Amino acid sequence: MAQKESTFLNMFLTLLVVTGVAALALGGVYTATKTPIELAKKAKLEAAIAMVVPEFTNKPGEEAIALTSDDGFALKLFPARDAAGQVVGVAIESVTMKGFSGEVRVMVGFKPDGEVINYQILEQKETPGLGTKMVDWFKTNVKKQSILGKNPDNVKFIVSKDGGDIDAITAATISSRAFLDAVTRAHKTFMEYKTKQEGSL
Amino acid sequence: MNQMTNFTKGFLKENPVLVLLLGMCPTLGVSTSAINGLGMGLATTFVLVMSNIVVALVKDLIPSKVRIPSFIVIIASFVTIVELSMQAYAPALYDSLGIFIPLIVVNCIVLGRAEAFASKNNVGSSAIDGLGMGLGFAFALTMLGSIREMLGGGAIFGHKFIQGDGILVFILAPGAFIALGFLIALIQRLRKV
């Protein structure tokens with residue numbers, strides 16, 4: 001089977017054409033998938049909010065309030081309102097960099113008084129089967145695992161190993177610490193925002 | 001070889017993971033659950049088939065000295081297409097597989113088949129070879145993922161059938177090696193039959 005001679009010109013042209021065609025194809029696919037990817041991300045956000053706050057009639061995703069935590073992280077607050085416009089819950093998108101593999105993004109739902117309603121993990125790259133358990137570990141009502149229905153003002157959102165009140169994931173202490181770090185950051189920033197707003201959201 | 005043999009060799013006789021021992025990295029890293037293994041296997045199958053077809057099409061146009069860089073660009077393009085498509089249309093799977101999707105580029109199986117088969121055979125045979133190898137890879141990954149999910153968590157495809165924790169080591173790397181070792185031994189035994 002005859003193959004092209006490996007002259008400098010042939011090699012140069014071949015690589016040029018191959019990379020050129022690849023670039024065009026990828027540019028095309030990127031443009032075609034750009035909108036679906038954004039829509040998928042938006043849908044994920046709205047679904048995450050709906051999972052962590054009680055029933056609402058507004059569109060919390062569109063009422064986002066940008067907040068900054070004490071240590072400089074950018075958080076987002078999504079208010080969930082009932083038909084009368086009253087805030088029934090607040091979804092906070094929080095972040096921590098202390099995960100085993102770096103960044104972990106969480107959506108935590110709080111009652112207006114700061115009690116945790118529910119949470120949803122948005123992004124994490126933790127070890128599969130270990131850190132990834134954070135997806136439902138802290139919702140499971142076993143021993144002192146769950147953070148649902150607890151208020152960081154009354155309960156220490158620190159792993160038992162460090163003297164706190166929450167049981168860490170077995171063999172995934174670092175991931176557990178990171179998760180609680182994100183939740184406490186969300187709570188603290190929310191409470192500070194509430195104070196600034198003088199109690200009215 | 002006829003096309004039937006060409007296709008089925010990827011499952012048992014020349015299974016890329018269990019016999020040729022290629023693509024070990026994603027095999028060990030992704031097979032923590034059955035669905036992850038299956039998803040990864042199917043994504044890799046798509047890349048394998050497409051890159052085998054394209055390589056077989058252009059094999060006469062690419063000078064020998066630049067064939068590896070050219071193959072890699074072709075493979076990487078298809079992997080990026082898979083990644084973007086997954087992100088747009090299967091975001092849950094994309095989140096589960098994470099970094100292993102772009103790592104399909106360096107999966108030895110893909111470059112290996114391009115170099116060993118597609119660059120020396122026609123388009124039809126190359127496509128079938130890619131399909132057989134890819135499905136064999138998916139088969140191995142799903143098997144390994146199922147074993148690790150069952151022993152490590154008492155579940156299969158997400159359905160828990162044993163309450164409580166499983167044998168933790170099977171979710172970790174050592175367990176992957178152990179389970180894979182036994183699987184390879186089993187396949188070696190079956191091949192001799």
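Atoms considered below: every heavy atom in the structure, side chains included; atoms not considered: hydrogens, waters and symmetry mates. Given the structure is predicted, the values throughout are model-derived calculations rather than measurements. To find a chain, count down the sequence lines: A is the first, B the second, and so on, and within it residues start at 1.
A 6.0 Å sphere centred on NZ of A/Lys139 holds more than 12 heavy atoms belonging to other residues, nucleotides or ligands. For B/Phe182, the CZ atom counts as loosely surrounded, since its 6.0 Å shell holds 12 or fewer non-hydrogen atoms of other residues, nucleotides or ligands. Around atom NZ of B/Lys160, more than 12 heavy atoms belonging to other residues, nucleotides or ligands sit under 6.0 Å away. Other residues, nucleotides and ligands contribute at most 12 non-hydrogen atoms within 6.0 Å of the CG atom of A/Asn141. Surrounding CZ of A/Phe100 are at most 12 heavy atoms belonging to other residues, nucleotides or ligands under 6.0 Å away. B/Phe161 CZ: more than 12 foreign heavy atoms inside a 6.0 Å radius. Counting heavy atoms of neighbouring residues, nucleotides and ligands inside a 6.0 Å radius, atom NZ of A/Lys144 exceeds 12 of them.
One finds the CG atom of A/Asn10 at 11.5 Å from the NZ atom of B/Lys65 (value rounded to the nearest 0.5 Å). In this structure, the separation between OG1 on A/Thr132 and CD1 on B/Ile171 is 8.0 Å, given to the nearest 0.5 Å.
With a 4.5 Å cut-off on non-hydrogen atoms, B/Tyr89 touches chain A through its side chain but not through its backbone. For B/Thr32, the part lying under 4.5 angstrom from a heavy atom of chain A is the side chain only. In this structure, no portion of A/Lys34 lies under 4.5 Å from any heavy atom of chain B. Neither the backbone nor the side chain of A/Ala23 has a heavy atom closer than 4.5 Å to any heavy atom of chain B. If you measure heavy-atom distances from A/Thr14 to chain B, the contacts under 4.5 Å come from the side chain alone.
Across all their heavy atoms, A/Ala40 and B/Ala88 have their closest contact at CB-O, 4.0 Å. When all heavy atoms of B/Pro69 and A/Leu15 are compared, the closest pair comes out as CB-CD2, 4.1 Å. Between B/Ser64 and A/Ser6, the shortest heavy-atom distance links the atoms N-OG, 3.3 Å. Closest approach of B/Ser77 to A/Leu26, counting heavy atoms only: O-CD2, 3.4 Å.
Heavy-atom pairs under 4.5 Å with chain A peak, among B/Val66, B/Val73, B/Asn36, at B/Val66.
Counting only heavy atoms from C-beta outward, the side chains of B/Leu172 and A/Leu130 approach each other to under 4.5 Å. You'll find the side chain of B/Thr80 stays beyond 4.5 Å of the side chain of A/Val29, heavy atoms only.
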